[in-house]
Amino acid sequence: MRKSNLIKKLGAWRGIHRLIFIFCILALLICMATFSKIYSFRSFLASNSFCNCNTSINCYTINHHVDLTLDTVIQKIQHEIDILRQLPNEKAFGKQAIFLADILNLVESVQNLLVQNSEPGAVLHSLSRQTEQVNEPAEYFLTEEIRKYVRIKPNRLKKQNFMGANGTFTSIGHACFSMKSELEEYMDYDVGEMCNDDWRLAQKLMVHGCDPLPRRRCFARAPQLYNKPYPINESIWKLPDDKNVRWSQYRCKNFTCLARNSSVKGFFKCTDCFNLTHHESPRWIVHSYQDANSEMTADILIAEVLNLKPGEIRIGLDFSVGTGTFAARMREHNVTIVSATINLGAPFNEMIALRGLIPLYMTINQRLPFFDNTLDLIHTTRFLDGWIDFVLLDFVLYDFDRVLRPGGLIWIDSFFCLKEELNDYLEAFKILRYKQHKWLVVPKIDKDDSEVFFSAVLEKPPRPFR
């Protein structure tokens, strides 16, 4: 009994010791900050040459002493973090270890600034020369996690990297400043704990231009009972297991509801996308006609496109609203397609992944995350339609052109718009000066003849270097 009490006392004493150690570090940082302000004020007051010389000598001595002190503090904090990591009860000391890591980063940032000031001839990254101005965006927000994310993170080796930067410069979308309250809500969490069920808030921020979002230090929520996905030979054309999706933010609570045409799903585009048997299965394999008596269609078949470049179409992007059926069909022809979409009222990204395909969660605001001249094909349907601004369409198409290799294809699939605006939209496509393999304009008969469909397959020309 006495032995257990003794162990408890020792444990309590260790906790108190660590707490005192942390407070000592904070006191040291406050003293250093106060001293640096006083010292810089004294340096400003000094005017004659003797004082300047004397100040520079004192500055060197003080910087050297502070640098040695910071090295000692860093070593002790690192040692304390290593001890905490070895403790059996990780959950109890997890927040303490994270707190010490944050203190360590702050101390190292002060040390790096001292090194920069002591080497006036050193070449620094352009942003580092105005550290206070660059860190000003962090001061705009109140949530501490945003402030920590946005501030410059100095390189711990105190050297420039191969790109000439001596720090890491994290960024957020410019529209985040106009959505301050929403972003602060998104970044309000306990470090190391579970994130809130707030993916809709994140998507709202992205759609409104707060993109890219800052990274977070919390664990994303997952379904409570996640089952193994179906084997690849089954998963492509089979509705996934309902347990593998978090349904709390959707009107439908299972895939069967999503597949029913009569369900009120909360989105209007691609209402039949989850009906894999009747609606999705024939797409891009057989023509679909709006009018049974008419031979007119905006559909272009996969076989027709692949025959334009036999064996050359290997990788591509599908920038659409859908559940990955285009990628599934192209996979049957040994073509790898990444499907980019957002979750418009339904779990599109989860559905694509559970079918064994690759989802890319991104908005139209974002620059495509591919390098120049790398893709063989870009396909888009039900997304770039008559709602889009002409200037925005220009930016999107030029970004498509950037990532598409010479000889690659853009496939515009059933783009619809008002008749009177058709020529304006067509000019945006013509300005690329692509070779036209297919070019179709047909009336959209369900809108009183006021809208039209436009489909095309266009080939990027080679552009010699200048």
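Computed from a predicted model, the values in this text were never measured in an experiment.
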Exercise. Is there a side-chain contact (heavy atoms from CB on, under 4.5 Å) between Phe255 and Leu354 once you walk through the steps?
Worked result: CA-CA 12 Å; Phe255 284 108; Leu354 290 169; 4.3 Å; yes
For this session: Determine whether more than 12 heavy atoms belonging to other residues, nucleotides or ligands lie under 6.0 Å from atom CZ of Phe395.
Result: no
Problem set entry | Side-chain donor/acceptor of Glu184 to backbone N/O of Leu142, under 3.5 Å | yes
Exercise. What are the two closest non-hydrogen atoms of Leu397 and Ala428, and how far apart are they?
Worked result: CD1-O, 3.6 Å
Problem set entry | No-hydrogen, no-angle side-chain donor-acceptor test under 3.5 Å, Asn196 and Glu185 | no
Problem set entry | Student check: side-chain heavy atoms of Trp247 and Pro347 closer than 4.5 Å | yes
Problem set entry | Atom of Asp385, atom of Ser414 and distance for their closest heavy-atom approach | OD1-O, 3.9 Å
Exercise. When the ring centroid of His379 is compared with that of Trp284, is the distance short of 6.0 Å?
Worked result: yes
For this session: Measure from the side-chain N and O atoms of Asp399 to the backbone N and O of Arg367, and report whether any donor-acceptor pair falls under 3.5 Å.
Result: no
Problem set entry | Minimum side-chain heavy-atom gap Ser235-Ile232 below 4.5 Å | yes
For this session: Please report the C-alpha distance between Leu368 and Phe319 in whole Å, then the side-chain angles of each, then the deciding distance to 0.1 Å, and finally whether the side-chain contact (heavy atoms from CB on, under 4.5 Å) criterion is met.
Result: CA-CA 10 Å; Leu368 292 176; Phe319 205 116; 3.7 Å; yes
Exercise. Is the gap between the ring centers of Phe400 and Phe370 under 6.0 Å?
Worked result: no
Problem set entry | Residue pair Asp211 / Asn365, side-chain donor-acceptor N/O under 3.5 Å | no
Exercise. Hey, does Trp199 have a side-chain heavy atom less than 4.5 Å from the side chain of Arg246?
Worked result: yes
For this session: Decide if atom CZ of Phe390 counts as having more than 12 heavy atoms of other residues, nucleotides or ligands within a radius under 6.0 Å.
Result: yes
For this session: Begin from the C-alpha positions of Phe141 and Met187 and carry the test side-chain contact (heavy atoms from CB on, under 4.5 Å) through to its verdict.
Result: CA-CA 10 Å; Phe141 297 99; Met187 293 297 287; over 6 Å; no
For this session: Measure the CZ-SG distance between Arg260 and Cys252 for me, rounded to the nearest 0.5 Å.
Result: 7.0 Å
Exercise. Just by distance, do the side chain of Lys460 and the backbone of Asp401 share a donor-acceptor pair under 3.5 Å?
Worked result: yes
Exercise. Can any side-chain N or O of Asp376 pair as donor or acceptor with the backbone N or O of Arg314 at less than 3.5 Å?
Worked result: yes
For this session: Would you confirm whether Ser320, through its side chain, and Arg382, through its main-chain N or O, come within 3.5 Å as a donor-acceptor pair?
Result: no
For this session: Give the minimum heavy-atom separation between Ile337 and Leu377, together with the two atoms involved.
Result: CD1-CD2, 4.3 Å
For this session: State whether Glu145 and Arg217 are salt-bridged, where the test is any N-O pair (Lys NZ or Arg NE/NH1/NH2 against Asp/Glu carboxylate O) under 4.0 Å.
Result: yes
Exercise. Centres of the Phe177 and Tyr140 rings: under 6.0 Å?
Worked result: yes
Exercise. If we only count heavy atoms from C-beta on, is the Ile172 to Tyr149 side-chain gap below 4.5 Å?
Worked result: yes
For this session: Assign the ring pair Phe454 / Phe415 to parallel, tilted or perpendicular, where the plane angle (0 to 90°) is split at 30° and 60°.
Result: perpendicular
Seminar exercise, completed: Separation between OG1 (Thr323) and CE (Met351), nearest 0.5 Å, reads 5.0 Å
For this session: Ignoring hydrogens and angles, state whether a donor on the side chain of Thr277 or Asn275 is under 3.5 Å from an acceptor on the partner side chain.
Result: yes
Exercise. Hey, are the side chains of Val321 and Cys273 touching, using non-hydrogen atoms and a 4.5 Å cut-off?
Worked result: no
Exercise. Do other residues, nucleotides or ligands put more than 12 heavy atoms under 6.0 Å from Glu332 CD?
Worked result: yes
For this session: List the atom of Val335, the atom of Ile313, and the distance in Å for their closest heavy-atom pair.
Result: CG2-O, 3.2 Å
Exercise. Which atoms form the tightest heavy-atom contact between Val396 and Ile364, and what is the distance?
Worked result: CG2-CG1, 3.9 Å
Exercise. Does some side-chain heavy atom of Val245 sit less than 4.5 Å from a side-chain heavy atom of Pro240?
Worked result: no
Exercise. Is the backbone N or O of Phe383 less than 3.5 Å from a side-chain atom of Trp387, with the two atoms forming a donor-acceptor pair by type?
Worked result: yes
Exercise. Should we say atom NE2 of His333 is surrounded by more than 12 heavy atoms from elsewhere, each under 6.0 Å from it?
Worked result: yes
Problem set entry | Asp197/Arg221 salt bridge by N-O under 4.0 Å criterion | no
Exercise. Is the distance between the ring centroids of Tyr230 and Trp237 less than 6.0 Å?
Worked result: no
Problem set entry | Neighbour count above 12 (heavy atom, 6.0 Å) for Lys253 NZ | yes
Exercise. Under a 4.5 Å cut-off applied to non-hydrogen side-chain atoms, are Phe274 and Phe348 in contact?
Worked result: yes
Exercise. Stepwise, does the side-chain contact (heavy atoms from CB on, under 4.5 Å) test hold for Ser281 with Arg329?
Worked result: CA-CA 9 Å; Ser281 179; Arg329 283 300 182 198; 3.5 Å; yes
Exercise. Hey, does the side chain of Ser339 reach the backbone of Gly324 with a donor-acceptor pair shorter than 3.5 angstrom?
Worked result: no
Exercise. Would Phe326 and Trp411 count as a close aromatic pair, with their ring centres under 6.0 Å?
Worked result: yes
Exercise. Are any non-hydrogen side-chain atoms of Val207 and Ile342 less than 4.5 angstrom apart?
Worked result: yes
Problem set entry | N/O donor-acceptor pair under 3.5 Å between Arg405 side chain and Asn373 backbone | no
Problem set entry | Any donor-acceptor N/O pair, Tyr186 side chain to Leu201 backbone, under 3.5 Å | no
Exercise. Strictly by modelled atom types, are Arg283 and Ser288 linked by a side-chain donor-acceptor pair under 3.5 Å?
Worked result: no
Problem set entry | Expected output: side-chain Asn343 to main-chain Asn349 donor-acceptor under 3.5 Å | yes
